[in-house]
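Notes for the one structure printed next.
First the proteins, then the strands, lettered A, B, ... as listed; each starts at 1.
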Amino acid sequence: MKLATWNVNSIRARQERLLRWLDRERPDVLCLQELKVTDEAFPREAIEAAGYHAAVFGQKTYNGVAILSRDEPADVQRGLGDDDPQSRLVAALIDGVCIVNAYFPNGQEVGSEKWEYKLDWMRRLEAYLADRYRPSDPLVLCGDFNVARDDLDVARPHQWAGTVLCHPDAREGLEAIHRWGFLDVFREHHPEGRLYSWWDYRMLGFAQNNGLRLDHIFATETLARRCRGAEIDRDERKGDKPSDHAPVVAVFD
DNA sequence: ATGGCATAATTGTTATGA
């Protein structure tokens with residue numbers, strides 16, 4: 001199974017790039033974040049014409065997630081099962097693997113209401129996983145986590161130290177999820193770090209490779225053992241009208 | 001302390017992102 005995660009920063013703005021990428025890479029599963037469309041406005045026909053099913057949890061203007069897959073998804077779940085008004089999680093069973101696609105809150109500024117929401121959302125995700133799954137299940141948790149796990153995931157650690165992406169409380173929130181029973185399959189294949197999945201549009205962020213690794217593929221051990229490689233498609237950040245995130249891809253036997 | 005850039009909802013300006 002070839003699985004990828006990509007924050008497209010508006011599926012309508014990225015539709016041509018997305019279709020070209022699907023045609024070129026032909027992943028079995030592609031988890032998308034920041035669709036910025038309602039379910040009604042999701043470009044379902046174009047996705048289906050490319051040969052993919054879509055489990056969509058959309059939202060107007062902000063957020064929105066989807067799982068695209070060549071096989072039909074089963075047991076689709078939308079949201080964390082509470083009254084959260086933001087569309088940040090969609091899960092499905094595909095080819096015997098539980099796929100949980102998450103768009104973690106950014107948090108804006110440490111100490112703000114959005115920051116508290118981010119930390120709370122991570123705790124709720126931890127409870128969601130513990131309620132529904134076991135670490136022995138073949139399970140993938142992937143998406144835009146809006147956390148750089150450690151400074152090997154940050155090109156300029158001093159610039160980002162203490163911000164919502166690198167704050168010790170955000171990192172601890174993610175490590176708690178990791179400790180529940182995941183391996184970070186990209187990190188397993190690239191222990192040297194210093195590879196990034198997001199670059200700011202401003203200040204020549206990409207040209208200077210001033211990036212962070214915020215997009216992650218976590219797999220339970222039973223599945224991680226079957227992982228044959230993981231890469232960031234940083235070429236997709238180049239050219240005309242890119243997303244500010246690059247796709248992250250992992251291949252499982 | 002703020003802007004840099006991009007996107008959506010709107011048509012001049014704001015909210016949000018990371």
A:A148 to A:C166 - nearest heavy-atom pair and separation = CB-SG, 4.2 Å

Can you find a side chain N or O atom of A:R12 that sits less than 4.0 Å from OP1 or OP2 on B:dA6?
-> no

Inter-nucleotide C1' distance (B:dT2, B:dT11), Å rounded = 26 Å

Have a look at A:L212 and say if it touches a base, only the backbone sugar-phosphate, or nothing, with a 4.0 Å heavy-atom cut-off.
-> nothing

Less than 4.0 Å between a side-chain N and a carboxylate O, is that true for A:R24 and A:E236?
-> yes

Round to a whole Å and report the spacing from CD of A:Q59 to C1' of B:dA8.
-> 12 Å

Hey, does A:N63 reach any base, or is it just sugar-phosphate, or nothing, if we go heavy atoms under 4.0 Å?
-> nothing

Spacing of A:F42 atom CZ relative to B:dA8 atom C1', expressed in whole Å | 18 Å

Does A:R202 pair with A:D244 as a salt bridge, N-O distance under 4.0 Å?
-> no

Summary of ring pair (Phe, Tyr, Trp, His ring centres under 6.0 Å) pairs that have at least one residue in residues 29-52 of chain A, sequence neighbours excluded = none

Just to confirm, is there a sub-4.0 Å distance from OP1 or OP2 of B:dT7 to any side-chain nitrogen or oxygen of A:K241?
-> yes

Between A:K114 and A:E109, is the closest basic N to carboxylate O distance under 4.0 Å?
-> no

Protein-nucleotide distance (A:H245, atom NE2; B:dA18, atom P), rounded to Å | 5 Å

DNA chain B nearest-nucleotide lookup for A:D144 and A:P242: closer to the 5′ end is A:P242

Side-chain donor-acceptor pair present, A:W21, A:D233, cut-off under 3.5 Å = yes

Tell me, which of residues 155-176 of chain A have any heavy atom that sits under 4.0 Å from an atom in DNA chain B?
-> A:L165

Which part of the nucleic acid, if any, lies within contact of A:N106, taking any heavy atom under 4.0 Å across all strands shown: a base, the sugar-phosphate backbone alone, or nothing?
-> base

Tell me which of A:I11 and A:Q108 sits closer to the 5' end of DNA chain B, going by the nucleotide each one is nearest to.
-> A:I11

ring-ring contact (aromatic ring centres under 6.0 Å, His included) assessment of A:H178 paired with A:F218 = CA-CA 8 Å; A:H178 185 264; A:F218 283 10; 5.3 Å; yes

What is the distance from CG of A:D244 to P of B:dT16, rounded to the nearest Å?
-> 17 Å

Options B:dA9, B:dA18, B:dT7, nucleotide nearest the side-chain atoms of A:N7 = B:dA18

A:Y62 side chain: which of B:dG17, B:dT16, B:dA9 is closest?
-> B:dT16

For atom CD of A:E109 and atom C1' of B:dA15, their distance in whole Å | 15 Å

Pick the P atom in B:dT14 and in B:dA18, then give their distance to the nearest Å.
-> 22 Å

Taking the six-membered ring for Trp, are A:W199 and A:H245 ring centroids under 6.0 Å apart?
-> no

Report the distance from atom CH2 of A:W115 to atom C1' of B:dT16, rounded to the nearest whole Å.
-> 17 Å

Determine whether the side chains of A:D84 and A:W121 contain a donor N or O and an acceptor N or O closer than 3.5 Å.
-> yes

Under 6.0 Å from the six-membered ring centre of A:Y103 and within 45° of its axis: does the NZ or CZ of A:R88 meet both?
-> yes

Give the rounded distance in Å between these two atoms: CH2 of A:W121 and P of B:dG17.
-> 13 Å

From the list B:dA6, B:dA8, B:dA18, which nucleotide is the closest neighbour of the side chain of A:R14?
-> B:dA6

Between CG of A:D240 and P of B:dC5 the distance, given in whole Å, is 16 Å

By a strict heavy-atom criterion of less than 4.0 Å, which residues belonging to residues 192-204 of chain A are in contact with DNA chain B?
-> A:W198, A:Y201, A:R202, A:M203

Any A:N146 side-chain N or O less than 4.0 Å from OP1/OP2 of B:dA18 | yes

Distance-only donor-acceptor check, side chains A:N63 and A:K36, under 3.5 Å = no

Using atom P of each nucleotide, how far apart are B:dA1 and B:dC5 to the nearest Å?
-> 22 Å

For the side chain of A:A13, starting at C-beta, report the closest nucleotide among B:dA8, B:dA9, B:dT16.
-> B:dA8

